[in-house]
Participant: 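Before anything else, here's the structure in question.
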Amino acid sequence: PCRCGGSDAASRSADVGAALRSAWFVASRDVRHMLRQRETLLWTFVMPPVFFFFIGTITAGFGDEGTPPRLLLETPPGAGFLAGELVRMLEQQGFEVRQDGGDGAKQTQQTEDSRRLALPAAFTDSVLAGRRVTVRLTTPEEGTDRDYDRLRVARAVYGLVGDVALAAESGRPVNAAELSRIASLPRTLNLNVTEAGRRTRVPTGFEQSIPGTMVMFTLLVMLTSGAILLVIERQQGLLRRLASAPLPRGGIVLGKWAGRMALGLVQIAFAMLAGTLLFRMRWGPDLTMLLLVLVAWAALAAALGLLLGNLARSEGQATAVGVLASNVLAALGGCWWPIEITPAWMQRLALFLPTGITMDALHRLVSFESGAASALPHVIALALGAAAAGFAATRTFRFQ
């Protein structure tokens, strides 16, 4: 009996070894074949840096709290003391204000200051006399940045008008000293803002575009190139020939999954390297947990690609489903834009999507520096998803 038990254990060990050798054989050849495809090379090594630069550059200034925006205030001679009061109001709105003073500095500074606010002649006299006064804001920004500049300038202007009106109602002379006194008065309404964590700013620029593009393109390649290759092999009879080889079925399926996961890890490694060297991306203090999240994501994406390759009946089906699914999941999961700027229901929905789970983990580790433990539930969720998708892919795998 002891010899029989030992024989069974040796047999099982031999079976596992054969399956692993078969998996290595299949995976290594699949990876080499996929990396020779022009489409795979394009979407793995060429397009990600292009998307990093394009999206990261467009969104780089959105929500930036680092350097205050510079504003050139064109003050003609005789603008009066209210021009100085307006400077104070603009600085309270977050602008770094520079004045041309009408002495020729305007020509030298216009090339540096993209935002300009022009005051009319006799600005102070006109305001105190109750005449209509027009100030003109010029800015090259578009969209939300321009709207935000206009809002802040309007708040500064209306704040100045309010102080002048209050000074006039008090019966005192309206001058710089009176406006300073009004500015020092205690406010009846105060707003206290505190941070809920180590950081609350929404990720923007390369901090959003590099992780988002990396997650999206990994899924895109797995659901297109990874699935299409399996469909082609089935249509051309290559899988039937593989089935007749002395390779266990489990080893073949494992090899197909491992080959796709290896390609996903190549994508992720290249994206991280390109992001670090070309765009100075910082990956946060918890690099080990970050890599664990990305490995779990690559495992899930590979399993989904293998599952789609089993279910698709043609290259067209695999392409259509792969492209549509990867784009929809990327959009809803926060790969295209920070999920933090979307409505609450979209943020909740993202936590049920594989892309949303991955992006939330990356934001916690990279952008908010919430600690490695904060991403542990995400790793578990991705691992369970990979196991479930892998089980489904194993059950649906067919040679013809």
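These numbers come from a predicted model, not from an experiment.
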Participant: Between Glu315 (side chain only) and Ile232 (backbone N and O only), is there a donor and an acceptor less than 3.5 Å apart?
Facilitator: no
Participant: Quick one: OG on Ser28 to NE2 on His33, what's the gap to the nearest 0.5 Å?
Facilitator: 13.5 Å
Participant: Hey, what else clusters with Leu307 if you join Ile, Leu, Val, Met, Phe, Trp, Tyr whenever side-chain heavy atoms sit under 4.5 Å?
Facilitator: Leu311
Participant: Got a donor-acceptor contact below 3.5 angstrom from the Glu74 side chain to the Arg136 backbone?
Facilitator: no
Participant: Walk me through it: do Arg280 and Phe206 pass the test side chain to side chain contact (heavy atoms under 4.5 Å, CB included)?
Facilitator: CA-CA 9 Å; Arg280 299 181 180 178; Phe206 298 122; over 6 Å; no
Participant: Hydrophobic cluster membership, with links at side-chain heavy-atom distances under 4.5 Å among I/L/V/M/F/W/Y: are Leu229 and Trp24 in one?
Facilitator: no
Participant: Spell out, yes or no, whether Trp337 and Leu351 are grouped together once hydrophobic residues are joined by side-chain heavy atoms under 4.5 Å, including indirect joins.
Facilitator: no
Participant: Can you name the closest pair of heavy atoms from Ala386 and Ala303 and give their distance?
Facilitator: O-CB, 3.9 Å
Participant: How close do Ala83 and Thr75 get, counting heavy atoms only, and between which atoms?
Facilitator: CB-CG2, 4.1 Å
Participant: Are the aromatic rings of Phe52 and Phe54 close, with centres under 6.0 Å apart?
Facilitator: no
Participant: Find the distance between OG1 (Thr394) and CG (Leu306) and round it off to the nearest 0.5 Å.
Facilitator: 7.0 Å
Participant: Can you list the residues that meet the side-chain hydrogen bond (donor to acceptor under 3.5 Å, both in side chains) rule with Arg282, with sequence neighbours excluded?
Facilitator: none
Participant: Find out whether Val295 and Met261 are in side-chain contact, i.e. whether some heavy atom of one side chain is under 4.5 Å from a heavy atom of the other.
Facilitator: yes
Participant: Donor-acceptor pair, distance only, cut-off 3.5 Å: does the side chain of Thr319 make one with the backbone of Gly316?
Facilitator: no
Participant: For Thr276, which residues count as a side-chain hydrogen bond (donor to acceptor under 3.5 Å, both in side chains) partner, sequence neighbours excluded?
Facilitator: Trp283
Participant: To the closest 0.5 Å, what do you measure between CD (Gln400) and CZ (Arg240)?
Facilitator: 5.5 Å
Participant: Might you work through the salt bridge (Lys or Arg N to Asp or Glu O under 4.0 Å) test for Glu91 and Arg88, ending with a clear yes or no?
Facilitator: CA-CA 5 Å; Glu91 290 175 343; Arg88 178 175 60 82; over 6 Å; no
Participant: Could you walk me through whether Arg241 and Glu233 satisfy the salt bridge (Lys or Arg N to Asp or Glu O under 4.0 Å) test, starting with their C-alpha distance in whole Å, then the side-chain angles of each, then the deciding distance to 0.1 Å, before giving a yes or no?
Facilitator: CA-CA 10 Å; Arg241 293 175 58 186; Glu233 290 177 335; over 6 Å; no
Participant: Locate the shortest heavy-atom distance separating Thr218 from Gly264; write the atom from each residue and the value.
Facilitator: CG2-CA, 4.2 Å
Participant: Hey, does the side chain of Ser374 reach the backbone of Gly371 with a donor-acceptor pair shorter than 3.5 angstrom?
Facilitator: yes
Participant: Given the rule that I, L, V, M, F, W and Y join up when any side-chain heavy atoms are under 4.5 Å apart, are Phe352 and Leu382 in one cluster?
Facilitator: no
Participant: Can you tell which of Leu324, Val215, Leu353, Leu304 makes a side-chain contact (heavy atoms from CB on, under 4.5 Å) with Leu329?
Facilitator: Leu353
Participant: Could you measure the distance from the CG atom of Asp360 to the CD1 atom of Ile339? Nearest 0.5 Å is fine.
Facilitator: 9.5 Å
Participant: State, yes or no, whether a side-chain contact exists between Arg364 and Glu369 at a heavy-atom distance under 4.5 Å.
Facilitator: no
Participant: Run the side chain to side chain contact (heavy atoms under 4.5 Å, CB included) check on His378 and Thr358 step by step: do they pass?
Facilitator: CA-CA 7 Å; His378 303 71; Thr358 306; over 6 Å; no
Participant: Between Thr213 and Ile210, is there a donor-acceptor pair closer than 3.5 Å when you use the side chain of the first and the backbone of the second?
Facilitator: no
Participant: Does the side chain of Leu86 come within less than 4.5 Å of Leu117's, by heavy atoms?
Facilitator: yes
Participant: Distance check, rounded to the nearest 0.5 Å: Leu220 atom CG versus Cys335 atom SG?
Facilitator: 11.0 Å
Participant: Hydrophobic clustering (ILVMFWY, side-chain heavy atoms < 4.5 Å, transitive) - are Val153 and Leu160 grouped together?
Facilitator: yes
Participant: Less than 6.0 angstrom separating the ring centers of Phe45 and Phe270, yes or no?
Facilitator: yes
Participant: Do Leu332 and Met214 belong to the same hydrophobic cluster, where Ile, Leu, Val, Met, Phe, Trp and Tyr are linked whenever their side-chain heavy atoms lie under 4.5 Å apart, directly or via other members?
Facilitator: yes
Participant: Can you measure from CG (Leu292) to CG (Leu365) and round to the nearest 0.5 angstrom?
Facilitator: 10.0 Å
Participant: Are any side-chain N or O atoms of Thr124 and backbone N or O atoms of Leu82, one a donor and one an acceptor, separated by less than 3.5 Å?
Facilitator: yes
Participant: Does any N or O in the side chain of Asn327 come within less than 3.5 Å of the main-chain N or O of Val323, such that one atom is a donor and the other an acceptor?
Facilitator: yes
Participant: Counting neighbours of CZ on Arg32 that are heavy atoms of other residues, nucleotides or ligands and sit closer than 6.0 Å, is the number greater than 12?
Facilitator: yes
Participant: Hey, does the Lys NZ or Arg CZ of Arg152 hover above the aromatic six-ring of Phe95, less than 6.0 Å from the centre and inside 45° of the axis?
Facilitator: yes
Participant: What's the shortest heavy-atom distance between Asp163 and Ile182, and which atoms?
Facilitator: O-CD1, 3.6 Å
Participant: Do Glu207 and His363 have side-chain atoms, one donor and one acceptor, less than 3.5 Å apart?
Facilitator: no
Participant: Is there a side-chain contact between Leu291 and Met272 in this structure, where contact means two heavy atoms from C-beta onward sitting under 4.5 Å apart?
Facilitator: yes
Participant: Tell me, with the steps shown, if Met89 and Val157 meet side chain to side chain contact (heavy atoms under 4.5 Å, CB included).
Facilitator: CA-CA 8 Å; Met89 293 288 187; Val157 170; over 6 Å; no
Participant: Say whether, by atom type as modelled, one donor and one acceptor occur between the side chain of Arg398 and the main chain of Asn310 under 3.5 angstrom.
Facilitator: yes
Participant: For Val174 and Phe81, which heavy atoms make the closest approach, and how far apart are they?
Facilitator: O-CZ, 3.5 Å
Participant: I want to check something: taking the side chain as every heavy atom from C-beta on, are Leu362 and Leu294 in contact at a cut-off of under 4.5 Å?
Facilitator: yes
Participant: How about Leu71 and Leu137: do any of their side-chain heavy atoms sit closer than 4.5 Å?
Facilitator: yes
Participant: Carefully, step by step, assess Met289 and Val379 under the rule side chain to side chain contact (heavy atoms under 4.5 Å, CB included).
Facilitator: CA-CA 9 Å; Met289 179 58 75; Val379 173; 3.8 Å; yes
Participant: For Ala167 and Glu178, which heavy atoms make the closest approach, and how far apart are they?
Facilitator: CB-CG, 3.7 Å
Participant: Decide yes or no for Pro211 and Val366: does some side-chain heavy atom of the first lie under 4.5 Å from some side-chain heavy atom of the second?
Facilitator: no
Participant: Indicate yes or no: at least one non-hydrogen side-chain atom of Arg70 is less than 4.5 angstrom from one of Arg115.
Facilitator: no
Participant: Would the Phe217 and Phe51 ring centres measure less than 6.0 Å apart?
Facilitator: yes
Participant: Within a 6.0 Å radius of atom CZ on Arg181, are there more than 12 heavy atoms belonging to other residues, nucleotides or ligands?
Facilitator: yes
Participant: Verify, without hydrogens or angle tests, whether Arg260 (side chain) and Lys256 (backbone) share a donor-acceptor contact under 3.5 angstrom.
Facilitator: yes
